[in-house]
Amino acid sequence: CLNGETLNPPPIWLMRQAGRYLPEYMGIRSSVTNFLDLCYNSDLATEITLQPIRRFGFDAAIIFSDILVLPDALGQKVDFKSGIGPVLKPIRSRNQIGELKQVCEQEILKPVYESISKVAASLGPGVALIGFAGAPWTVATYMVEGGSSKGFNYVKNWAISDPEGFGELIKKLIESTTVHLTKQIEAGAEVIQIFDSWAGILSPSEFQRWCVEPVAEVVRSIKVDYPEIPIIGFPKGAGLSYEGYAEKTGVDGVSVDYTVSPAWMGQTLQRKTAVQGNLDPHILQVGGSVMINEVSKIKKSLENGPFIFNLGHGILPDTPPINVSHLIELVRDP
Ligand code: 1CP
């Protein structure tokens with residue numbers, strides 16, 4: 001499919017398919033306080049990765065980890081506080097970049113690669129294993145804001161007032177993301193997804209500089225050694241810029257958020273690249289006839305070209321698992 005083939009029915013997996021909506025995940029989650037300790041325990045991460053595969057039979061597994069393991073490995077310690085989310089000591093100027101480790105600390109990330117090998121060994125045939133990382137821009141937002149943000153004041157203002165200095169941080173992230181993704185491929189990841197969750201807060205020229213160019217560089221470097229590994233990019237909220245992203249980053253597929261119409265995806269984007277998406281996670285949460293109609297609309301618009309069924313963003317924690325089973329039936333129903 002990511003090589004341009006049209007598959008009927010389309011393969012399906014869901015962003016955040018492992019996690020808080022599954023009781024079997026919550027059982028394991030309660031055994032640790034810092035969420036990252038799950039990511040750094042390869043036995044637990046393997047088990048969590050496989051839970052949704054066993055329960056639903058998705059066509060792909062995504063390794064259970066997080067985009068924030070990267071700043072953690074660069075020496076910017078990440079804490080997950082309950083009720084708040086990720087907390088980091090922020091980096092807000094060029095001279096603080098030197099405090100980060102030179103290259104990505106392999107020791108810390110070793111369990112992530114071990115979980116990939118373990119999952120690869122236990123997945124049945126026909127189930128693809130997806131490795132992932134955050135895109136440099138999105139990871140930078142957490143590093144500069146010191147966690148999740150609403151206004152993105154610090155990161156936007158730094159990028160606007162001192163693009164050269166901010167560019168140093170992005171450069172560091174391009175290099176370490178490339179290493180992190182390459183290690184995942186060496187461990188057994190068969191597909192890569194790059195999450196740019198905060199692409200949508202940039203102007204078109206900023207989008208070009210901070211999303212398209214860094215991702216293009218990561219893709220170019222990975223393709224030198226691994227030209228056959230397909231890469232999916234997810235520039236969430238890119239709107240009118242999705243098309244340019246597909247043309248200029250070199251990715252094999254573009255994951256599209258739910259603000260974009262499936263008709264446009266089919267008529268425009270799918271002519272240039274494989275597309276993935278884009279059911280609104282709230283529709284999955286509600287389920288029933290609304291979901292039936294929406295899935296049918298998405299399938300009609302996209303089934304005549306390379307297409308992977310997914311959500312337009314991650315599964316919401318309160319989603320009833322039975323709605324996920326129903327969704328898979330609908331997608332696979334000819
Ligand atoms: O307490 C918990 O159980 C933590 C919840 C959780 C989970 C299940 C977090 C915290 N991360 C994850 C796993 C995760 N994160 C996966 C692998 C599992 C899967 O898909 O099944 C992936 C791919 C991610 C990616 C991720 N992490 C993104 C990009 C995708 C997206 O949702 O936009 C981002 C932005 C993060 C950061 C993050 N991780 C967790 C939190 C609470 C946050 C902050 C989110 C925010 O700022 O809104």
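Order of appearance sets the numbers: ligands from 1, and atoms from 1 within every ligand. If you read the sequence from its start, that first residue is 1, and numbering goes on from there.
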Using heavy atoms and a 4.0 Å limit, tell me yes or no: is [X] in contact with ligand 1?
X      : value
Phe234 : no
Gly314 : no
His313 : yes

Check whether any side-chain N or O of [X] sits under 3.5 Å from a backbone N or O of [Y] as a donor-acceptor pair, and report yes or no.
X      : Y      : answer
Glu145 : Thr141 : no
Tyr154 : Ile91  : no
Lys248 : Gln208 : no
Ser255 : Gly233 : no

Numbering as shown, the atoms of ligand 1 that approach [X] to under 4.0 Å (heavy-atom distance):
X      : result
Tyr25  : 2 (C), 3 (O), 8 (C)
Gln17  : 19 (C), 20 (O), 21 (O)
Ser197 : 29 (C), 30 (C), 31 (C), 33 (O), 35 (C)
Ile62  : 19 (C), 20 (O), 21 (O), 23 (C)

Less than 6.0 Å separating the ring centroids of [X] and [Y]?
X      : Y      : answer
His180 : Tyr113 : yes
Phe35  : Tyr25  : no
Trp264 : Tyr242 : no

**OP:** May I ask which of Gly19, Pro86, Ser30 has a heavy atom nearer to atom 43 (C) of ligand 1 than the others do?
**Re:** Pro86
Can you tell me the protein heavy atom closest to [atom] and the distance?
atom                    : answer
atom 19 (C) of ligand 1 : Arg16 CA, 3.3 Å
atom 34 (C) of ligand 1 : Ile67 CD1, 3.5 Å
atom 12 (C) of ligand 1 : Phe35 CZ, 3.2 Å
atom 18 (C) of ligand 1 : Phe64 CD1, 3.8 Å
atom 10 (C) of ligand 1 : Phe80 CE2, 3.4 Å
atom 22 (C) of ligand 1 : Phe132 CZ, 3.5 Å
atom 14 (C) of ligand 1 : Ser65 O, 3.2 Å
atom 37 (C) of ligand 1 : Asp66 OD2, 3.7 Å

Original post:
Side chain or backbone of Arg20 under 4.0 Å from ligand 1, or both, or neither, by non-hydrogen atoms?
Top reply: side chain
Subject >> Between Tyr40 and Asn34, a side-chain donor and acceptor under 3.5 Å >> reply: no
Original post:
Quick one: do the Glu206 and Trp137 side chains pair a donor with an acceptor below 3.5 Å?
Top reply: no
Original post:
Is the shortest distance from a Lys or Arg side-chain nitrogen in Lys171 or Glu168 to a carboxylate oxygen in the other one below 4.0 Å?
Top reply: no
Hey, is ligand 1 close enough to [X] that some N/O pair sits below 3.5 Å?
X      : value
Thr138 : no
Arg29  : yes
Ser148 : yes

**OP:** Identify whether Ile170 and Ile160 are in the same connected component of the hydrophobic contact network (ILVMFWY, side-chain heavy atoms under 4.5 Å).
**Re:** no
Original post:
Nearest 0.5 Å, what's the NZ-CD1 distance between Lys172 and Ile174?
Top reply: 12.5 Å
